[in-house]
Asks: 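Questions regarding the structure given below will be posed in turn.
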Amino acid sequence: MKVVIVGGVAGGATAAARIRRLDEHAEIVIFERSGYISYANCGLPYYIGGVIEDPEDLTLQTPESFFQRFRVNVKVSHEVLAIHPEKKAVSVKNLATGETFQESYDQLLLSPGAHPVRPNLPGVESPLLFTLRTVEDTFRIKEFIRANSPSSAVMVGGGFIGLEMAENLRELGLDVTIVQRPKQLMNPFDRDMAAFIHAETRRHGVELALGRSVEGFVEKDGGIDVLLKEKAPIHTDMVVLAIGVRPESSLARDAGLELGSKGGIWVNDRMETSAPHIYAVGDAVQVKHSVTGENTQIALAGPANRQGRIAADNICGGDSHYIGSQGSSVIKVFDLTAAATGVNETHARQSGLDVDTVILSPMSHAGYYPGGKLMTIKVVFEKGTYRLLGAQIVGYEGVDKRIDVLATAIHARLKATQLKDLDLAYAPPYSSAKDPVNMAGFMIDNLAQGTLKQWHLSDLESLPRDGSVTRLDTRTRGEYQSGHIEGFLNVPVDELRERLDELEKSKPVYVMCQSGLRSYIACRILEGNGFQAYNFSGGFRFYEAVTRDKALAETASACGMEKQP
């Protein structure tokens, strides 16, 4: 059996190694357009910032090492120009010599990846404008910085690459601005949770120009102007385009293979395309979202590796299936860690799901053990069924551990209420006896049992102001005086039982505290004494972070540029 693989890196290289492990005698050929067969895409920004010092650390395998171990014939700097399904062959160009030739196959695996979006805007071909996708891109940016010592940079786009590049360029001492059309960074997160990411980037000196449309680029005064719609241009020394990627599906399209609604290569759950003997994996393929069942494109290394393994199994006569992508991700944002899995509240509602959420702010480990830090967790679930749909976490320690537990729970189709039953490891330096994931489960179970009723930040504006409801802040007097929501009566939770006569039982009570815990206790006191009480999800800390972020965004929109607080 002869297997030809188009593209290396995560999907293609993984598939080649798996095929060899399953079939010692298969002939395996990889054609890779770049000069590198297997490299650490996710580490590229950290090489630019100097965190990773040796460029050889970026290359996980070379053609020589791959052949030595797996006897796979790797041809880098070779571009596949066309697929001929009827002949079971591909046309290939040697980019070093210009030679073109045909290579036959018994089985073909497409792993061409995706390419950075370069919008058709004036000035987009400027040498001061960069994208980051390959090792060659990385070296180009690194060399530009070394040779020109730029003092400023603009990131166009606030996703993974935009944020990681912003952090690493700030660490090099550059003034950095992130510009993008959406009004928040990091689309996997809801706007309220993104507020914490915004605050962290501002705290480290990154300027945010959100909700801005880029209309072009003009080289000027030794640098480049980023032209914005209805706003003054931003002058900078360099620009990095990081507005997303598009699947490299042109080869498949030109060969008559079916494409999906998102422009990626259509595959079934065996990673087979619409043409016999042709498989496809990685960023180029359309997949099913495992939570919503929708067609989607998810450009992440984990899914690409798993798909490569599945395709290899099936090429070698097995019967492996890909159940879909969940979109689990994590990112370092300066000192902050932000992670998400499944779908966020916004996406869930857009998909027509009837959802609810809980928001909590637990410590990363036992409060009595030194060094614990707060994290904020948002769990999304379906009303009525309590199907677990997604989660987002921002914090400083233990975020990755909790998001992986929640990702596993979603994969296992656990109900959100079952999070309370998980038997998770505990020692004071690492967690609490009631792990944050358990705590989310307790809260959701309380909702399911009717022990807890809650209200959300989105409900605040619609709360009656005619005196028909009571608004209650159960924090200490000092906390209340340092900041509170207008119209909320302050009765500390430990004084509540003695002051119940100050409240009218005929009025529903909307309760809040700093994080949601004391206000929950207050709700139980009130309910036990004949009141109808609702607990504020997230607490005043959450309210303050979201409203401060909103105020800064509105000020920036009015003034033209967001300044540091």
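Side chains are part of it too, since the values below use all heavy atoms of this structure and drop only hydrogens, waters and symmetry mates.
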Asks: Within 45° of the ring axis of F442 and under 6.0 Å from its six-membered ring centre, is that where the NZ or CZ of K420 lies?
Replies: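 Because its charged atom misses either the 6.0 Å distance or the 45° angle limit, K420 does not stack over F442.
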Asks: What is the distance from atom CD1 of I161 to atom CG of L44, rounded to the nearest 0.5 Å?
Replies: 7.0 Å
Asks: Identify the two heavy atoms, one from L336 and one from Y396, that lie closest to each other, and give their separation to 0.1 Å.
Replies: CD1-CZ, 3.7 Å
Asks: CD/Q418 to CG/L422 distance, rounded to the nearest 0.5 angstrom?
Replies: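 Answer rounded to 0.5 Å: 8.0 Å.
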Asks: Should the heavy atoms of other residues, nucleotides or ligands under 6.0 Å from CZ of R349 be counted, would the total exceed 12?
Replies: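 It does: R349 CZ has more than 12 such atoms within range.
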Asks: Look only at the side chain of N438 and the backbone of D421, and say whether a donor-acceptor pair between them is shorter than 3.5 Å.
Replies: no
Asks: Determine whether more than 12 heavy atoms belonging to other residues, nucleotides or ligands lie under 6.0 Å from atom CD of E498.
Replies: yes
Asks: Measuring only between side-chain heavy atoms, which start at C-beta, is V156 closer than 4.5 Å to L129?
Replies: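 The answer is no; the side chains never approach within 4.5 Å.
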Asks: Do V206 and M155 touch side chain to side chain, with heavy atoms closer than 4.5 Å?
Replies: no
Asks: To the nearest 0.5 Å, how far apart are CD in E527 and CG in L452?
Replies: 9.0 Å
Asks: Is there a side-chain contact between N535 and W455 in this structure, where contact means two heavy atoms from C-beta onward sitting under 4.5 Å apart?
Replies: no
Asks: Is any side-chain heavy atom of V226 closer than 4.5 Å to a side-chain heavy atom of T177?
Replies: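 No, side chains not in contact.
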Asks: Give a yes or no on this: more than 12 heavy atoms of other residues, nucleotides or ligands lie within 6.0 Å of atom NZ of K453.
Replies: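 Yes, enclosed.
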Asks: Would you mind telling me which of I323, T296, N295 makes a side-chain contact (heavy atoms from CB on, under 4.5 Å) with V287?
Replies: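 Only one of I323, T296, N295 forms a side-chain contact (heavy atoms from CB on, under 4.5 Å) with V287, namely T296.
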Asks: Look only at the side chain of Q326 and the backbone of A407, and say whether a donor-acceptor pair between them is shorter than 3.5 Å.
Replies: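 Yes, because the side chain of Q326 sits within donor-acceptor range (under 3.5 Å) of the backbone of A407.
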Asks: Hey, does the side chain of D404 reach the backbone of K401 with a donor-acceptor pair shorter than 3.5 angstrom?
Replies: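 Not a single qualifying donor-acceptor pair exists.
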Asks: Which value, rounded to the nearest 0.5 Å, describes the distance between Q392 atom CD and T376 atom OG1?
Replies: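 Reported value, rounded in 0.5 Å steps: 11.0 Å.
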Asks: Salt bridge check: are D283 and R133 linked by an N-O gap of less than 4.0 Å?
Replies: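 Salt bridge flag = yes for R133 with D283.
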Asks: Would you sort out whether I145 and L169 count as a side-chain contact (heavy atoms from CB on, under 4.5 Å), showing the intermediate values?
Replies: CA-CA 10 Å; I145 293 172; L169 292 180; 3.6 Å; yes
Asks: Which distance, rounded to the nearest 0.5 Å, do you find between the CZ of F189 and the CG of N344?
Replies: 9.5 Å
Asks: Could you give the distance from CZ (R497) to CG (L526), rounded to the nearest 0.5 Å?
Replies: 10.0 Å
Asks: Out of the candidates H289, K288, Q350, H347, only one should pair with E294 under the side-chain hydrogen bond (donor to acceptor under 3.5 Å, both in side chains) rule; please name it.
Replies: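 The single option meeting the side-chain hydrogen bond (donor to acceptor under 3.5 Å, both in side chains) with E294 is H347.
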Asks: Before you tell me yes or no, could you show the steps for Y510 and L460 under side-chain contact (heavy atoms from CB on, under 4.5 Å), namely the whole-Å CA-CA distance, both residues' side-chain angles and the distance that decides it to 0.1 Å?
Replies: CA-CA 10 Å; Y510 290 81; L460 180 60; over 6 Å; no
Asks: Can you check whether M512's main-chain N or O pairs, donor with acceptor, with T474's side chain at less than 3.5 Å?
Replies: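 Yes: the side chain of T474 pairs with the backbone of M512.
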Asks: Examine the side chains of R306 and S325 and answer whether a donor and an acceptor come within less than 3.5 Å of each other.
Replies: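 Per modelled atom types, R306 and S325 side chains form no pair under 3.5 Å.
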Asks: Where do E502 and L472 land on the side-chain contact (heavy atoms from CB on, under 4.5 Å) test, with the steps shown first?
Replies: CA-CA 11 Å; E502 298 177 26; L472 185 65; over 6 Å; no
Asks: Are any non-hydrogen side-chain atoms of S519 and F536 less than 4.5 angstrom apart?
Replies: no
Asks: If you count the non-hydrogen atoms of other residues, nucleotides and ligands that lie under 6.0 Å from NE2 in H411, is the total more than 12?
Replies: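 No, NE2 of H411 has 12 or fewer neighbouring heavy atoms, counting only those of other groups under 6.0 Å.
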Asks: Would you call R191 and D549 a side-chain contact if the rule is heavy atoms closer than 4.5 Å?
Replies: yes
Asks: Hey, are R170 and E167 close enough for a salt bridge, meaning a charged N less than 4.0 Å from a carboxylate O?
Replies: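 Looking at E167 together with R170, the answer is no, because their closest N to O distance does not fall below 4.0 Å.
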Asks: Taking atom NZ of K434 as the centre, report whether more than 12 heavy atoms of other residues, nucleotides or ligands fall under 6.0 Å from it.
Replies: no
Asks: Between D190 and T346 (side chain of the first, backbone of the second, donor and acceptor by atom type, cut-off under 3.5 Å), is there such a pair?
Replies: yes
Asks: Looking at A425 and S431, what are the two nearest heavy atoms and their distance?
Replies: O-CB, 3.8 Å
Asks: Does NZ belonging to K550 count more than 12 external heavy atoms closer than 6.0 Å?
Replies: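 For K550, atom NZ is not crowded (no more than 12 foreign heavy atoms under 6.0 Å).
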Asks: Shortest non-hydrogen contact from L174 to A153?
Replies: CD2-CB, 3.9 Å
Asks: With a 3.5 Å distance limit and no angle check, can you tell me whether Y369 reaches the backbone of A427 through a side-chain donor-acceptor pair?
Replies: no
Asks: Taking atom NZ of K415 as the centre, report whether more than 12 heavy atoms of other residues, nucleotides or ligands fall under 6.0 Å from it.
Replies: no
Asks: Are I48 and L132 close enough, and set up right, to give a side-chain contact (heavy atoms from CB on, under 4.5 Å), and what steps lead you there?
Replies: CA-CA 10 Å; I48 292 170; L132 180 60; 4.2 Å; yes
Asks: Would you say the side-chain atoms of Y520 and N446 include a donor-acceptor pair closer than 3.5 Å?
Replies: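 Looking only at side-chain atoms, N446 and Y520 do form a donor-acceptor pair, the distance falling under 3.5 Å.
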Asks: Any sub-3.5 Å donor-acceptor pair from H198's side-chain atoms to L185's backbone N or O?
Replies: yes
Asks: If I compare all heavy atoms of L388 with all of A416, which pair ends up nearest, and what's the gap?
Replies: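 Smallest interatomic distance, heavy atoms only, reads CD1-CB, 3.9 Å.
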Asks: How about I410 and L414: do any of their side-chain heavy atoms sit closer than 4.5 Å?
Replies: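 Not in contact.
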Asks: Quick one: are Q180 and L210 in side-chain contact, heavy atoms under 4.5 Å?
Replies: yes
Asks: Please say which of D237, D175, T236 ends up in a side-chain hydrogen bond (donor to acceptor under 3.5 Å, both in side chains) with S151.
Replies: D237
Asks: Got a donor-acceptor contact below 3.5 angstrom from the S537 side chain to the I359 backbone?
Replies: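 Flag set: sc S537 to bb I359 pair under 3.5 Å.
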Asks: Please check if the number of heavy atoms outside D423 that lie under 6.0 Å from its CG is greater than 12.
Replies: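 Not more than 12 within 6.0 Å, no.
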Asks: Distance-only, no hydrogens or angles: does the N490 side chain make a donor-acceptor pair with backbone N or O of R475 under 3.5 Å?
Replies: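 Yes, because the side chain of N490 sits within donor-acceptor range (under 3.5 Å) of the backbone of R475.
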Asks: Considering all heavy atoms of both residues, which atom of I224 and which atom of F217 are nearest to each other, and what is their separation?
Replies: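 Where I224 meets F217 most closely, the heavy atoms are CD1-CB, 3.6 Å.
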Asks: So, does E382 use its side chain to make a donor-acceptor pair with the main chain of L389 at under 3.5 Å?
Replies: no
Asks: Of all the heavy-atom pairs spanning L374 and M363, show the shortest one and how long it is.
Replies: CD2-SD, 3.8 Å
Asks: Which word best sums up how the rings of Y543 and F540 line up, parallel for under 30°, tilted for 30 to 60°, or perpendicular for over 60°?
Replies: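 Because their plane-to-plane angle lies in the 30° to 60° range, the rings of Y543 and F540 count as tilted.
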